[in-house]
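Quick notes on the structure that follows.
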Amino acid sequence: QVQLVESGGGVVQTGGSLRLSCVSSGGTFRDHAMGWFRQAPGKQREFVAAINKFGDITEVADSMKGRFTPSRDNAKNTGYLQMSGLKPEDTAIYSCATKYFWIQIESPLGYDFWGQGTQVTVST
């Protein structure tokens, strides 16, 4: 069974940076796309970024373009989300997820496996 575990969250000040990691085990990581989503208290889960299985195609939500960058290292079965220029509105639980097909990548529906999430808090 596939398991995903996020790490790297924490508390940072406005304008700071964090890099989240998502380690996959129990499956064939190299054959799957990885997406990143976030959810703040009282709000809907929203798409953050995604990267295809080869790591040469990425998608980033419009409001986060230029600040957030997904990447991956298939040799380590790990995906990353580099975040910079963080704002208080970025405060949320960030989760990684994987799916086989590179379609409807911005929707959480269709993703097969999910991590537990890691908390990112951006203070003012």
Side-chain angles (χ1 to χ4, degrees):
Q1 179 76 311
V2 171
Q3 291 190 106
L4 303 174
V5 180
E6 303 96 338
S7 63
V11 181
V12 297
Q13 293 186 333
T14 298
S17 299
L18 283 174
R19 188 181 72 165
L20 307 183
S21 298
C22 176
V23 179
S24 174
S25 62
T28 308
F29 178 71
R30 71 184 74 174
D31 291 336
H32 293 78
M34 174 170 284
W36 290 90
F37 296 82
R38 69 186 186 186
Q39 187 167 28
K43 294 187 176 181
Q44 296 282 94
R45 180 190 291 131
E46 68 173 329
F47 172 77
V48 174
I51 186 167
N52 76 333
K53 65 182 181 180
F54 297 112
D56 60 346
I57 303 174
T58 61
E59 181 68 27
V60 180
D62 288 341
S63 64
M64 293 164 249
K65 287 181 179 177
R67 298 192 300 122
F68 291 8
T69 304
S71 61
R72 67 191 294 156
D73 186 342
N74 285 347
K76 297 181 178 179
N77 292 332
T78 302
Y80 304 95
L81 181 68
Q82 180 67 49
M83 305 184 294
S84 63
L86 286 164
K87 308 172 182 179
E89 54 262 43
D90 294 320
T91 295
I93 296 175
Y94 285 73
S95 299
C96 62
T98 58
K99 67 184 301 184
Y100 189 80
F101 296 108
W102 186 252
I103 55 172
Q104 300 180 194
I105 209 71
E106 296 185 10
S107 172
L109 303 177
Y111 279 85
D112 300 306
F113 303 101
W114 291 81
Q116 292 280 340
T118 185
Q119 177 71 47
V120 172
T121 302
V122 185
S123 64
T124 58

Worksheet item: Between I105 and Y111, does a side chain to side chain contact (heavy atoms under 4.5 Å, CB included) hold up when you go through it step by step?
Response: CA-CA 8 Å; I105 209 71; Y111 279 85; 3.2 Å; yes
Worksheet item: Are L81 and M64 joined in one hydrophobic group, where the rule is that I, L, V, M, F, W and Y side chains link up if heavy atoms are under 4.5 Å apart?
Response: yes
Discussion item. For a 4.5 angstrom cut-off between non-hydrogen side-chain atoms, does S17 reach V12?
Written reply: no
Fill in: Heavy-atom pair with the smallest gap, counting every atom of P108 and F37
N-CE2, 3.6 Å
Enumerate donor-acceptor pairs with a distance under 3.5 Å from any side-chain N or O in residues 113-122 to protein atoms, sequence neighbours excluded.
{"unit_1": "T118", "atom_1": "OG1", "unit_2": "G9", "atom_2": "N", "d": "3.2"}
{"unit_1": "Q119", "atom_1": "NE2", "unit_2": "A92", "atom_2": "O", "d": "3.4"}
{"unit_1": "Q119", "atom_1": "NE2", "unit_2": "T121", "atom_2": "OG1", "d": "3.4"}

Fill in: Check: L20 and M83 side chains under 4.5 Å, non-hydrogen atoms
yes
Worksheet entry | Test item: T14 and P88 side chains (from C-beta on) under 4.5 Å apart, heavy atoms | yes
Item to complete: Check D31 against Y100 and note the closest heavy-atom contact, atom names and distance.
Response: O-CD1, 3.6 Å
Practice prompt. Find out whether L4 and T98 are in side-chain contact, i.e. whether some heavy atom of one side chain is under 4.5 Å from a heavy atom of the other.
Written response: yes
Determine all donor-acceptor pairs shorter than 3.5 Å in which one atom belongs to a side chain in residues 42-52; sequence neighbours excluded.
{"unit_1": "E46", "atom_1": "OE2", "unit_2": "R38", "atom_2": "NE", "d": "2.7"}
{"unit_1": "E46", "atom_1": "OE2", "unit_2": "R38", "atom_2": "NH2", "d": "3.0"}
{"unit_1": "N52", "atom_1": "OD1", "unit_2": "G55", "atom_2": "N", "d": "2.9"}
{"unit_1": "N52", "atom_1": "OD1", "unit_2": "D56", "atom_2": "N", "d": "3.1"}
{"unit_1": "N52", "atom_1": "OD1", "unit_2": "I57", "atom_2": "N", "d": "3.1"}
{"unit_1": "N52", "atom_1": "ND2", "unit_2": "D56", "atom_2": "OD1", "d": "2.9"}

Item to complete: Would you check if the side chain of E59 reaches a backbone N or O of E106 as a donor-acceptor pair within less than 3.5 Å?
Response: no
Worksheet item: Got a second to check how far Q13's CD is from S123's OG, nearest 0.5 Å?
Response: 5.0 Å
Worksheet item: Could you give the distance from OG (S63) to NZ (K87), rounded to the nearest 0.5 Å?
Response: 7.5 Å
Worksheet item: Which heavy-atom pair separates G79 from W36 by the least distance, and what is that distance?
Response: O-CZ2, 4.0 Å
Worksheet item: Say you draw a straight line from OG1 of T78 to CE of M34; how long is it, rounded to the nearest 0.5 Å?
Response: 8.0 Å
Fill in: Euclidean distance, D90 CG relative to S84 OG, rounded to 0.5 Å
10.0 Å
Worksheet item: Which value, rounded to the nearest 0.5 Å, describes the distance between K76 atom NZ and S24 atom OG?
Response: 15.0 Å
Discussion item. As an exercise, state the distance from CZ of F29 to CG of D73, rounded to the nearest 0.5 Å.
Written reply: 8.5 Å
Discussion item. Give me the atom names and distance for the closest heavy-atom approach of V60 to P70.
Written reply: CG2-CD, 3.8 Å
